[in-house]
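Quick caveat, the model's predicted, so the values are computed rather than measured. One-based numbering, in listed order, for ligands and for the atoms of each.
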Amino acid sequence: MASKPAKMQYRRLGRSGLKVSVLSFGSWVTFGGQLEGEGAEACLQAAHDAGVNFFDNAEAYAGGESERIMGEAIARLGWERYSYVISTKVFWGIHGGPNMANTLNRKFLMQAIDGSLERLGLDFVDVLYCHRADPNTPLEETVWAMSDIITSGKALYWGTSEWTADEIRAAWEIAERHHLHKPVVEQPEYNLLHRRRVEREYARLYDDIGLGLTIWSPLASGLLTGKYLDSVPQDSRASQPGYEWLKPSVTDPAANEKVRRLVGVAADLDCSPAQLAIAWCAHNPRVSTVILGASRVEQLHENLGALDVIARLDDDVLARIDEIVGR
Ligand code: NDP
């Protein structure tokens with residue numbers, strides 16, 4: 001008889017009081033590209049049923065369609081607003097033109113949050129991220145505007161994505177100095193092949209400012225499943241129109257040699273390579289949540305099974321992984 005899957009764990013988003021499921025679900029590439037309507041609903045519900053409470057989105061995903069699809073699906077599923085945490089991210093914009101693209105100026109931020117809420121069909125998002133840093137707007141202007149959005153109730157917490165440690169600390173210090181709402185979370189890439197920023201660059205921020213992490217691409221866009229070991233499958237992300245730029249990284253021979261060895265580690269742990277990669281991210285206590293991506297519900301079921309694997313990562317296994325991927 002199959003054993004029962006492990007129960008979802010919830011972790012605090014850094015030093016904030018917000019609790020997020022250690023595995024969460026995001027919509028980049030998939031919503032509006034590979035999934036909409038019933039397919040999107042099936043994935044959202046499968047995640048929710050497994051205890052996932054955090055759902056990630058961005059205004060730029062599918063030019064705003066991803067927010068619309070997620071908002072409509074959640075409304076149709078009839079989830080109570082208190083049962084989920086939803087985030088979105090702004091920076092690139094969807095309209096183009098001065099003040100509406102590649103900026104974190106006050107005008108953009110104030111209008112961008114309204115656009116996201118309209119597409120999501122919500123009164124507020126739980127977490128709003130600055131999707132990238134903006135060297136052309138004074139940091140003080142961005143921090144004041146983000147803090148004002150929190151005060152307005154349109155977002156409950158704010159954070160950054162792919163900012164440098166110095167930028168995050170500077171934003172936090174501006175907020176501290178002026179008694180503003182501080183950034184509580186960063187959303188960086190983190191996976192077996194991309195670990196330096198989370199483990200080294202941000203190392204001091206966790207205790208100094210209580211930074212939480214919602215990490216992205218735990219499977220390096222699918223590379224860590226082993227699906228690109230021999231070829232690029234027709235139905236995979238790297239074959240999607242507009243994502244040709246991913247091909248060189250997912251077919252990189254050196255990366256795939258590491259994946260081949262990780263497949264062996266996964267087999268010894270009686271799990272899939274995807275589950276091993278996801279469990280490894282979640283094993284890091286600095287990670288508040290690992291954002292999963294899935295183009296079909298079967299992948300999500302498999303990936304949620306990583307919960308069972310976290311406890312199997314003992315010191316010997318971790319050392320074996322370090323030897324393969326490097327530190
Ligand atoms: P992953 O690295 O986990 O890649 C997910 C993709 O891998 C799926 O869409 C699917 O693509 C493939 N896959 C997933 N599971 C399996 C499986 N079990 N077997 C085979 N293939 C599988 O995560 P994402 O890159 O999607 O990132 C996760 C989330 O993080 C995003 O949805 C988004 O919310 C967030 N994100 C944030 C960014 C930021 O700048 N802040 C940047 C990128 C993502 P396919 O089937 O098409 O091959």
Side-chain angles (χ1 to χ4, degrees), residues 20 23-35 39-40 43-44 46-47 52 54-62 66-67 69-70 85-92 125 127-133 159-163 185-194 197-198 213-229 231-243 245-247 249-251 255 259 263 266 271-282 287-306 309:
V20 291
L23 302 184
S24 50
F25 183 53
S27 60
W28 180 53
V29 186
T30 54
F31 280 35
Q34 297 161 298
L35 285 171
C43 284
L44 288 165
V52 167
F54 178 63
F55 298 87
D56 186 62
N57 216 316
E59 52 157 20
Y61 295 170
S66 170
E67 289 178 324
I69 291 167
M70 189 179 278
V85 170
I86 195 164
S87 65
T88 198
K89 307 188 278 294
V90 296
F91 167 70
W92 282 292
V125 290
V127 187
L128 180 66
Y129 295 89
C130 297
H131 209 156
R132 290 292 182 269
T160 58
S161 180
E162 294 295 344
W163 284 29
V185 59
E186 156 65 33
Q187 186 170 129
E189 181 177 5
Y190 183 54
N191 57 54
L192 281 160
L193 301 173
H194 191 100
R197 178 163 250 181
V198 162
L213 297 178
T214 61
I215 68 95
W216 60 267
S217 285
L219 300 177
S221 274
L223 168 62
L224 289 162
T225 66
K227 71 197 294 176
Y228 296 106
L229 278 175
S231 61
V232 176
Q234 274 305 312
D235 60 354
S236 65
R237 176 176 291 183
S239 293
Q240 298 302 305
Y243 292 92
W245 54 270
L246 271 174
K247 271 194 187 139
S249 60
V250 297
T251 56
V259 174
V263 169
C271 69
S272 72
Q275 290 170 336
L276 174 67
I278 292 163
W280 180 86
C281 295
V287 171
S288 316
T289 185
V290 178
I291 312 176
L292 306 178
S295 65
R296 57 205 82 147
V297 76
E298 295 75 17
Q299 292 176 351
L300 197 52
H301 284 303
E302 176 186 335
N303 298 352
L304 288 163
V309 181

ask   = Can you find a non-hydrogen atom of Glu162 under 4.0 Å from ligand 1?
value = no
query = Side chain or backbone of Ala58 under 4.0 Å from ligand 1, or both, or neither, by non-hydrogen atoms?
reply = neither
Full working for ring-ring contact (aromatic ring centres under 6.0 Å, His included) between Trp280 and Tyr190 = CA-CA 10 Å; Trp280 180 86; Tyr190 183 54; 5.1 Å; yes
query = Does Asn303 approach ligand 1 within less than 4.0 angstrom via side chain, backbone, both or neither, non-hydrogen atoms only?
reply = side chain
note = For atom 40 (O) of ligand 1, the closest protein heavy atom turns out to be Arg132 NH1, 3.0 Å
Proximal atoms of ligand 1 relative to Ser236 (non-hydrogen, under 4.0 Å) = 47 (O), 48 (O)
key: Element-labelled atoms of ligand 1 that are located less than 4.0 Å from some non-hydrogen atom of Lys89   = 41 (N)
remark   = A student checking ligand 1 against Gln187 at a 4.0 Å heavy-atom cut-off should list atoms 35 (C), 36 (N), 37 (C), 38 (C), 39 (C), 41 (N)
inquiry  = Please report the interatomic distance SG(Cys130) to CD(Glu162), rounded to the nearest 0.5 Å.
reply    = 13.5 Å
key: Identity and separation of the nearest protein heavy atom to atom 29 (C) of ligand 1   = Ile291 CG2, 3.5 Å
query = Would you say the side-chain atoms of Gln234 and Ser239 include a donor-acceptor pair closer than 3.5 Å?
reply = no
key: Part of Ser161 with heavy atoms under 4.0 Å of ligand 1, whether side chain, backbone, both or neither   = side chain
ask   = For atom 2 (O) of ligand 1, what's the nearest protein heavy atom and its distance?
value = Ser221 N, 2.8 Å
remark   = When distances are taken from atom 47 (O) of ligand 1, the protein heavy atom at minimum range is Gln34 NE2, 2.7 Å
query = At a 4.0 Å cut-off, with the gap strictly under it, does some heavy atom of Arg296 reach an atom of ligand 1?
reply = yes
key: ring-ring contact (aromatic ring centres under 6.0 Å, His included) involving Trp92 - partner list, sequence neighbours excluded   = His131
message = As an exercise, identify every atom of ligand 1 less than 4.0 angstrom from a heavy atom of Ser27.
response = 32 (O), 34 (O)
task = Please report the C-alpha distance between Lys89 and Asp56 in whole Å, then the side-chain angles of each, then the deciding distance to 0.1 Å, and finally whether the side chain to side chain contact (heavy atoms under 4.5 Å, CB included) criterion is met.
result = CA-CA 9 Å; Lys89 307 188 278 294; Asp56 186 62; 2.6 Å; yes
ask   = If you measure from CD on Gln299 to OG on Ser272, what distance do you get to the nearest 0.5 Å?
value = 10.5 Å
task = Would you check if there is a donor-acceptor pair between the side chains of Lys247 and Tyr228 at a distance under 3.5 Å?
result = no
task = Using a strict 4.0 Å cut-off to heavy atoms of Ser217, name the atoms of ligand 1 that fall inside it.
result = 1 (P), 2 (O), 23 (O), 24 (P), 25 (O), 27 (O), 28 (C)
query = Quick one: CG on Leu292 to CD1 on Ile215, what's the gap to the nearest 0.5 Å?
reply = 8.5 Å
task = Just go through Gln240, Arg237, Glu186, His301 and tell me whose heavy atom is the nearest to atom 11 (O) of ligand 1.
result = Arg237
Nearest candidate to atom 34 (O) of ligand 1, where distance is taken over non-hydrogen atoms, out of Asp56, Thr225, Leu246 = Asp56
query = How far is atom 21 (N) of ligand 1 from its nearest protein heavy atom, and which residue and atom is that?
reply = Lys227 NZ, 2.9 Å
remark   = Per side-chain contact (heavy atoms from CB on, under 4.5 Å), Leu23 is matched among Ile291, Thr289, Val290 by Val290
inquiry  = Looking at ligand 1, would His131 count as a contact under a 4.0 Å heavy-atom criterion?
reply    = yes
key: Distance-only side-chain donor-acceptor flag, Asn57 / Ser66, under 3.5 Å   = yes
ask   = In Å and rounded to the nearest 0.5 Å, what is the CG to CZ distance from Leu223 to Arg237?
value = 11.5 Å
inquiry  = For the CD atom of Gln240 and the OG atom of Ser295, what is their distance to the nearest 0.5 Å?
reply    = 7.5 Å
Nearest non-hydrogen partners of Pro188 and Thr214, listed with the distance = CD-O, 3.7 Å
message = Starting from atom 13 (N) of ligand 1, what is the nearest protein heavy atom, named by residue and atom, and what distance separates them?
response = Gln299 OE1, 3.5 Å
request  = Name the option, out of Trp216, Tyr129, Trp28, that contains the heavy atom nearest to atom 36 (N) of ligand 1.
outcome  = Trp216
message = When you compare ligand 1 with Ala220, is there at least one nitrogen or oxygen pair between them that comes in under 3.5 angstrom?
response = yes
Ile215-ligand 1 polar pair, N/O distance under 3.5 Å = no
inquiry  = Which of the numbered atoms in ligand 1 are under 4.0 angstrom from any heavy atom belonging to Gly26?
reply    = 32 (O), 34 (O)
query = What distance do Leu219 atom CG and Asn303 atom CG have between them, rounded to the nearest 0.5 Å?
reply = 5.5 Å
inquiry  = Please list, in number order, the atoms of ligand 1 under 4.0 Å from a heavy atom of Thr30.
reply    = 9 (O)
message = Tell me whether the rings of Trp28 and Tyr243 are parallel (<30°), tilted (30 to 60°) or perpendicular (>60°).
response = perpendicular
request  = Within a distance under 4.0 Å of any heavy atom of Ala294, pick out the atoms of ligand 1 and give their elements.
outcome  = 8 (C), 9 (O)
ask   = Glu189 near ligand 1, heavy-atom distance under 4.0 Å?
value = no
Atom 46 (O) of ligand 1: nearest protein contact (heavy atom, Å) = Ser295 OG, 2.6 Å
Salt bridge (charged side-chain N to carboxylate O under 4.0 Å, His left out) between Arg197 and Glu189, intermediate numbers included = CA-CA 8 Å; Arg197 178 163 250 181; Glu189 181 177 5; over 6 Å; no
